[in-house]
A.B. asks: 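First the structure, which I've put down as structure tokens, then a few questions once you've had a look.
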There are 2 protein chains.
Amino acid sequence: MPGDDVEHTPPLASGPRPGRATATDVAALAGTSVSTVSLVASGKTKGRVSSSTIARVASAIETLGYVVDHTASALARGSADVVILVAPDLSNPYYGDVVRGIMSVLGDRYQLLLSVASPGVQPDASVVGRLTALRPAGLLIDAPSAEFLAALPAGPATVLLDAPGSARGDAIVNYDLVRGTDDLVDHLADQGHRVLAYLDSSTGTETFALRRSLIEAAAARRGLTLLGGVASVVDVSAAAAAVTAAWPEWRASGATAVLCATDTQAYGALASARLHEIRVPEDVAVSGFDDLPSSVVTAPGLTSVALPGTSLGRTAASRMLELLGAAAPPPANAAADDDDDDLTTRLVIRDSTRHVVS
Amino acid sequence: MPGDDVEHTPPLASGPRPGRATATDVAALAGTSVSTVSLVASGKTKGRVSSSTIARVASAIETLGYVVDHTASALARGSADVVILVAPDLSNPYYGDVVRGIMSVLGDRYQLLLSVASPGVQPDASVVGRLTALRPAGLLIDAPSAEFLAALPAGPATVLLDAPGSARGDAIVNYDLVRGTDDLVDHLADQGHRVLAYLDSSTGTETFALRRSLIEAAAARRGLTLLGGVASVVDVSAAAAAVTAAWPEWRASGATAVLCATDTQAYGALASARLHEIRVPEDVAVSGFDDLPSSVVTAPGLTSVALPGTSLGRTAASRMLELLGAAAPPPANAAADDDDDDLTTRLVIRDSTRHVVS
DNA sequence: CTGAAAGCGCTTACAG
DNA sequence: CTGAAAGCGCTTACAG
């Protein structure tokens with residue numbers, strides 16, 4: 001009789017083991033080997049385990065609350081079910097959207113590990129070493145600098161987010177920034193602005209270089225003058241200080257609009273304007289990028305190029321699942337072709353630019 | 001001659017090994033055993049390894065760019081150098097501060113892994129299982145619900161953040177909310193308000209229950225009426241909708257001030273007021289909690305109870321290092337006693353409440 | 001279909 | 001001071 005040759009399982013009288021149940025515990029309870037437990041736990045039973053054994057093991061797993069030890073599994077398989085997101089900064093609420101998009105696609109299959117740098121500082125090579133020591137299955141790199149990319153190891157699957165201009169062999173997911181920036185400059189030109197000032201981000205990531213050059217191109221197309229050379233980190237106070245310092249020169253050059261690389265910096269511009277009794281939009285128009293939730297309630301409401309962060313996250317995560325050979329969750333709408341998510345940026349016009357320059 | 005008995009190291013002619021160098025590689029290069037490499041790599045050489053051996057191994061480590069494999073190390077030691085932060089939501093920029101504070105204290109010693117739930121949803125027991133399968137050295141739980149705490153495993157070191165009312169044996173780091181809420185209610189009472197409306201968070205975490213009860217207590221102390229029962233998730237639009245719906249009743253009850261559980265919800269209140277042409281602060285005063293960076297530039301500027309998020313993160317991380325037996329970095333100012341960081345909340349008064357009710 | 005065995009790369013007593 | 005060996009808990013050929 002099958003089952004008779006099973007040694008009497010160690011008396012459970014000794015109480016639940018301190019700590020987690022192991023595959024050995026499950027095997028003992030189910031009367032099988034650890035190999036079989038592993039097969040069942042990882043779902044690789046197709047044509048290899050009888051259904052009665054599967055049932056027995058499954059119930060033992062259930063009873064003991066067994067969860068595969070991630071560390072041991074990672075060591076044995078050579079890589080962990082962990083995807084690491086490297087992002088420059090978390091204080092920008094915009095990243096919350098990206099993270100949410102990523103997690104919605106990754107689901108339970110992979111853990112998302114976050115590696116954040118200090119504001120304005122890019123993670124360096126030593127970070128990369130410690131990161132890969134965790135044996136991640138994949139690396140998601142948001143808004144990287146060129147130096148950081150150069151230090152990246154070749155090992156794990158890598159997807160770059162918001163990294164225009166990177167020519168590595170990696171998968172890259174970028175916003176379509178052209179639409180939003182063109183619309184922004186067109187809108188300002190239509191309002192009668194002739195001289196625009198640009199507050200850049202000093203973070204030194206490619207996405208900001210692209211934003212600047214797209215605005216330059218659009219300004220040239222419309223015959224507008226663009227004043228550059230001013231930058232700050234992505235922080236309200238720092239941006240306010242930079243704007244305050246730049247103001248005399250901008251004024252002298254006849255600038256009537258301040259375009260900022262991020263909404264956060266635009267908040268600084270608004271604060272600086274308020275402080276110096278410069279009226280927005282009457283004296284100067286102000287715009288940003290990101291369309292943060294709070295941009296609805298600033299004084300005045302902030303015109304902004306909206307970046308679809310959740311779409312970026314979802315698309316990047318889907319790409320990652322492809323690279324990892326895991327099936328991406330089926331798209332909700334079968335109409336879409338490859339990308340279900342629209343990465344087009346979109347201009348949101350609010351009162352901060354609603355004034356016609358005479 | 002020491003070193004002569006070293007087998008000629010495998011010909012490097014075959015090129016750098018694909019993948020990372022292992023302790024075995026280092027041992028071969030240095031002419032020692034893996035045991036010794038392990039000792040040197042982890043700095044446990046005190047009285048166990050000769051300085052010449054240390055030097056040899058160190059240089060081999062340098063040469064090969066050896067980094068201890070985190071996974072294997074975690075398996076051998078029983079726990080990983082990973083600290084997991086469980087937070088309800090990342091879209092609130094306030095969490096950026098907390099994360100920054102935590103990382104500044106954890107430094108290179110531990111990796112911070114982030115587990116975020118969907119907005120308004122608490123992570124449940126299955127999350128806990130997968131979390132502990134990673135063998136984290138510690139768990140940092142921010143703003144947990146009672147149910148979540150009940151599902152927590154006893155294993156890893158745990159520090160609760162912003163979890164008033166939790167009576168587990170865990171280390172808990174809380175804000176001192178009394179000061180900020182008392183000042184808020186006093187301020188409103190001084191301005192002549194007699195009936196206050198409260199927009200609660202529907203997230204169901206303890207910190208919000210405490211905020212409400214502290215406001216209730218302060219209102220009672222000052223003889224004010226507090227209207228409750230209205231709540232929304234922490235989201236601008238949701239809050240706006242909730243306020244819009246509540247407005248008739250609040251008006252009828254004579255409320256002249258709307259206190260919100262978060263700045264984000266206060267933004268919604270501002271947006272709703274603007275939409276319905278209710279003037280702030282003339283018709284109604286509005287306040288929040290968090291003092292987000294953008295609260296400086298809302299229209300009008302938002303009065304808010306500032307929560308020192310960075311301090312919370314730093315303090316919690318220090319507590320964690322204590323629990324883990326790792327020395328916390330020495331406090332910058334030796335004056336402080338136990339806590340270097342001030343967790344006192346502070347009322348920041350802006351225009352949204354600057355109107356005397358007649 | 002099933003299990004014994006080797007191996008993932010470390011760490012840690014333990015014996016020299 | 002140093003190294004051989006066992007073990008962490010899995011996974012995966014491999015042989016039945």
Side-chain angles (χ1 to χ4, degrees), chain A residues 2-3 5-7 17-28 30-57 61 64 66-82 132-135 137 155, chain B residues 2-3 5-7 17-28 30-57 61 64 66-82 132-135 137 155:
Chain A
D5 53 351
V6 175
E7 290 291 333
R17 291 260 307 292
R20 326 163 44 88
T22 71
T24 307
D25 301 330
V26 176
T32 59
S33 67
V34 265
S35 319
T36 303
V37 171
S38 176
L39 257 18
V40 173
S42 58
K44 296 173 183 161
T45 53
K46 196 61 171 295
R48 333 244 254 101
V49 186
S50 71
S51 53
S52 70
T53 303
I54 294 178
R56 219 148 15 96
V57 172
I61 287 177
L64 298 176
Y66 171 69
V67 178
V68 176
D69 184 285
H70 202 270
T71 302
S73 170
L75 183 59
R77 285 177 309 143
S79 97
D81 285 345
V82 166
T132 51
L134 291 167
R135 297 182 178 232
Chain B
D5 53 353
V6 176
E7 290 291 334
R17 290 261 306 293
R20 324 164 46 86
T22 71
T24 307
D25 301 330
V26 176
T32 58
S33 67
V34 266
S35 316
T36 302
V37 172
S38 176
L39 257 16
V40 174
S42 59
K44 295 173 186 162
T45 54
K46 196 58 171 297
R48 334 246 252 99
V49 186
S50 71
S51 52
S52 70
T53 302
I54 294 179
R56 218 147 16 95
V57 172
I61 287 177
L64 298 175
Y66 172 70
V67 178
V68 176
D69 185 285
H70 202 270
T71 303
S73 169
L75 182 59
R77 285 178 309 142
S79 98
D81 285 344
V82 166
T132 51
L134 291 167
R135 297 183 178 231

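Below, chain A is the first sequence line, B the second, and so on; all start at residue 1. In what follows, every heavy atom counts, from backbone to side chain, and hydrogens, waters and symmetry copies are set aside. This structure is a prediction, so every number in the text was calculated from the model and none was measured.
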A.B. asks: Using a cut-off of strictly less than 4.0 Å between a heavy atom of the residue and any atom of DNA chain D, enumerate the qualifying residues of residues 47-54 of chain B by number.
C.D. replies: B/Gly47, B/Arg48, B/Val49, B/Ser50, B/Thr53

A.B. asks: For DNA chain C, write out the stems as range with range, using runs of 3 or more consecutive Watson-Crick or G-U pairs with both distances under 3.5 Å.
C.D. replies: C:1-3 with D:14-16, C:5-12 with D:5-12, C:14-16 with D:1-3

A.B. asks: Verify the contact: side-chain N or O of B/Ser35 to OP1 or OP2 of D/dG3, cut-off strictly under 4.0 Å; return yes or no.
C.D. replies: no

A.B. asks: Given C/dG3, C/dC8, C/dC10, which nucleotide is nearest the side-chain atoms of A/Arg135?
C.D. replies: C/dC8

A.B. asks: From the options D/dG9, C/dT11, C/dC10, select the nucleotide whose nearest atom is closest to the side chain of B/Arg77.
C.D. replies: C/dT11

A.B. asks: Which heavy atom in A/Ala23 sits nearest to a heavy atom in A/Tyr66, and how many Å separate them?
C.D. replies: N-CE1, 3.4 Å

A.B. asks: Taking OP1 and OP2 of D/dG3, is either one under 4.0 Å from a side-chain nitrogen or oxygen of B/Thr36?
C.D. replies: yes

A.B. asks: Would you tabulate the side-chain donor-acceptor contacts of residues 30-37 of chain A under 3.5 Å, counting partners in other chains and residues two or more places apart, or write 'none'?
C.D. replies:
unit_1  : atom_1 : unit_2  : atom_2 : d
A/Ser33 : OG     : A/Ser35 : N      : 3.4
A/Ser33 : OG     : A/Thr36 : N      : 3.3
A/Ser33 : OG     : A/Thr36 : OG1    : 3.2

A.B. asks: Using whole Å, report how far CG of A/Asp69 lies from P of D/dG7.
C.D. replies: 18 Å

A.B. asks: May I ask you to test the B/Arg56-B/Val40 pair for a side-chain heavy-atom distance under 4.5 Å?
C.D. replies: no

A.B. asks: From the list D/dG3, D/dG9, C/dT12, which nucleotide is the closest neighbour of the side chain of A/Ala72?
C.D. replies: D/dG9

A.B. asks: Expressed as a whole number of angstroms, how long is the span from A/Lys44:NZ to C/dT2:C1'?
C.D. replies: 17 Å

A.B. asks: Between B/Val34 and A/Ala23, just flag the one whose closest nucleotide in DNA chain D comes earlier from the 5' side.
C.D. replies: B/Val34

A.B. asks: Is any side-chain heavy atom of B/Val26 closer than 4.5 Å to a side-chain heavy atom of B/Val57?
C.D. replies: yes

A.B. asks: Separation of B/His70 atom NE2 from D/dG9 atom P, in whole Å?
C.D. replies: 17 Å

A.B. asks: Rounded to the nearest angstrom, tell me the gap between atom CG in A/Leu75 and atom P in C/dC8.
C.D. replies: 9 Å

A.B. asks: Distance from B/Asp25 atom CG to B/Leu64 atom CG, nearest 0.5 Å?
C.D. replies: 6.5 Å

A.B. asks: Specify the residue among B/Val67 and A/Lys46 whose closest nucleotide of DNA chain C lies further upstream toward the 5′ end.
C.D. replies: A/Lys46

A.B. asks: Using a 4.0 Å heavy-atom cut-off, does A/Ser42 contact any base of the nucleic acid, only the sugar-phosphate backbone, or nothing at all?
C.D. replies: nothing

A.B. asks: For residues B/Thr71 and A/Arg135, report the shortest heavy-atom separation together with the two atoms involved.
C.D. replies: OG1-CD, 3.4 Å

A.B. asks: What contact category does A/Val68 fall into here, base, sugar-phosphate, or nothing, at under 4.0 angstrom with non-hydrogen atoms?
C.D. replies: sugar-phosphate

A.B. asks: Which nucleotide in the list D/dC8, D/dC10, C/dT12 gets nearest to the side chain of B/Leu39?
C.D. replies: C/dT12

A.B. asks: Using a 4.0 Å heavy-atom cut-off across all strands, classify A/Ser73 as base, sugar-phosphate, or nothing.
C.D. replies: sugar-phosphate

